[in-house]
Amino acid sequence: MKVVEIFDSMQGEGAYMGVMCTFVRFPGCNLKCPFCDEASKYDKAKEMTIQQIADKCKQEVVVLTGGEPTLQPLLSELASVLHTRGKRVHIETNGTNPVPLEIDWVTCSPKAPKYELPCFVNEIKLVVDKKLPLKTACAIAGKMASPVWLQPCDGPWLEESMKKILKWIKKYPDLFRAGIQLHKWYGVV
């Protein structure tokens, strides 16, 4: 499998916010989001075996992330090996590809223009950028039993994004929760 990096850090977003995890970052994505910072890391990817990856996963929760991790072959096999080592396997996906059944927790962050969702997700994280209309956010949130996390968009639009999130949460408190990248506040990757 191609891997950009494996590191231990605090989960900074969603229901597992504040939990120490091992992150396995895979290269490549089938979307071109203008705010994504992963493109600069794609050239650092190296080939690793499933055993090599599993050996570096020290925390109880392992988060498969990217880029878009569902583009990687052998995700089911990796999850199975991690399970034999007592790990819980989470994935952060854009929702455009099927997620292996072996994954324990699915965080979906759908993006424009389609805002697709896989068949099953545990939580949704929406990046509130200029393109995301309230109507779309409400439609996505209406499919969930739990509130949707609204994540501010980094960069020059950050302040406007945070104002938009606050407005939406005030209007629809049962549908939305404000997200934050907690790991950045603590100064960890």
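Since the model is a prediction, treat every value here as computed from it, not as a measurement.
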Within the side chain of Arg25, is there an N or O that forms a donor-acceptor pair under 3.5 Å with the backbone of Gly66? yes
Closer than 3.5 angstrom, by distance alone: can the side chain of Lys56 be matched with the main-chain N or O of Thr22 as a donor-acceptor pair? no
hydrophobic_cluster_shared for Leu71 and Val24, side chain cutoff 4.5 Å: no
Is there a path from Met162 to Leu166 through hydrophobic residues (I, L, V, M, F, W, Y) whose side chains come within less than 4.5 Å of each other? no
Is the shortest side-chain heavy-atom distance between Gln151 and Val128 below 4.5 Å? no
Could you measure the distance from the CE atom of Met144 to the SG atom of Cys108? Nearest 0.5 Å is fine. 9.0 Å
State whether Lys163 and Glu159 are salt-bridged, where the test is any N-O pair (Lys NZ or Arg NE/NH1/NH2 against Asp/Glu carboxylate O) under 4.0 Å. yes
Would Leu126 and Thr136 count as a side chain to side chain contact (heavy atoms under 4.5 Å, CB included) if you check the C-alpha gap in whole Å, the side-chain angles of each, and the deciding distance to 0.1 Å? CA-CA 10 Å; Leu126 290 174; Thr136 300; over 6 Å; no
If only atom types and distance count, is the side chain of Lys58 paired as donor or acceptor with the main-chain N or O of Asp55 below 3.5 Å? yes
Tell me, with the steps shown, if Val89 and Trp105 meet side chain to side chain contact (heavy atoms under 4.5 Å, CB included). CA-CA 7 Å; Val89 183; Trp105 185 266; over 6 Å; no
Over all heavy atoms of both residues, which pair between Ile91 and Pro69 is shortest? Give the atoms and the distance, please. CG1-CG, 3.6 Å
Before accepting this row, confirm whether a basic side-chain N of the pair Lys164/Asp129 lies closer than 4.0 Å to the acidic partner's carboxylate O. no
Derivation and outcome, side chain to side chain contact (heavy atoms under 4.5 Å, CB included), residues Leu64 and Phe26: CA-CA 8 Å; Leu64 308 177; Phe26 294 104; 4.0 Å; yes
Side-chain contact, heavy-atom cut-off 4.5 Å: Pro147 with Asp174? no
Is Lys125 salt-bridged to Glu13, cutoff N-O under 4.0 Å? yes
For the hydrophobic clusters of this structure (ILVMFWY residues joined by side-chain heavy atoms under 4.5 Å, transitively), does one cluster hold both Leu158 and Ile165? no
Determine whether a donor-acceptor pair (N or O, by modelled atom type, separation under 3.5 Å) exists between the side chain of Glu123 and the backbone of Ala15. yes
List the atom of Asp8, the atom of Met20, and the distance in Å for their closest heavy-atom pair. C-CE, 4.3 Å
Note, Tyr16 side chain near Arg88 side chain (heavy atom, < 4.5 Å): yes
Would you mind reporting whether Cys29 and Asn94 have side-chain heavy atoms less than 4.5 Å apart? yes
Do Phe120 and Leu101 have side chains that get closer than 4.5 Å, going by heavy atoms? no
For residues Val121 and Leu175: do they belong to one hydrophobic cluster (side chain heavy atoms under 4.5 Å, members Ile, Leu, Val, Met, Phe, Trp, Tyr)? yes
Verdict with reasoning, Ile124 to Trp149, per side chain to side chain contact (heavy atoms under 4.5 Å, CB included): CA-CA 6 Å; Ile124 294 176; Trp149 294 94; over 6 Å; no
Would you please say whether a donor-acceptor pair under 3.5 Å links the side chains of Glu68 and Thr70? yes
Which atom of Pro152 lies closest to which atom of Ser161, heavy atoms considered: CA-OG, 3.3 Å
So Val19 and Glu60, do their side chains get closer than 4.5 Å, heavy atoms only? no
Going from NZ on Lys167 to CG on Leu150, what distance comes out if it is rounded to the nearest 0.5 angstrom? 13.5 Å
Return yes if some donor-acceptor pair links the side-chain N/O of Lys46 with the main-chain N/O of Lys44 below 3.5 Å, else return no. no
Can you name the closest pair of heavy atoms from Cys57 and Ile53 and give their distance? SG-O, 3.3 Å
Just checking, any donor-acceptor pair under 3.5 angstrom between side chains of Thr107 and Glu92? no
Please tell me whether His90 and Asn122 have a donor and an acceptor in their side chains that are separated by less than 3.5 angstrom. no
Is the closest side-chain donor-acceptor distance between Glu102 and Ser76 under 3.5 Å? yes
Val127 and Lys111, any side-chain heavy atoms less than 4.5 Å apart: yes
Do Met1 and Met48 make a side-chain contact, defined as non-hydrogen atoms from C-beta onward lying under 4.5 Å apart? no
Applying a strict under-4.5 Å side-chain criterion to I, L, V, M, F, W and Y, I'd like to know whether Val62 and Val3 cluster together. yes
If you take all heavy atoms of Ile103 and Val99, which pair is closest and at what distance? CG1-CG1, 3.7 Å
On a heavy-atom basis, the closest approach of Phe176 and Ala141 is CE2-CB, 3.9 Å
Is the number of heavy atoms from other residues, nucleotides or ligands within 6.0 Å of CD (Glu77) greater than 12? yes
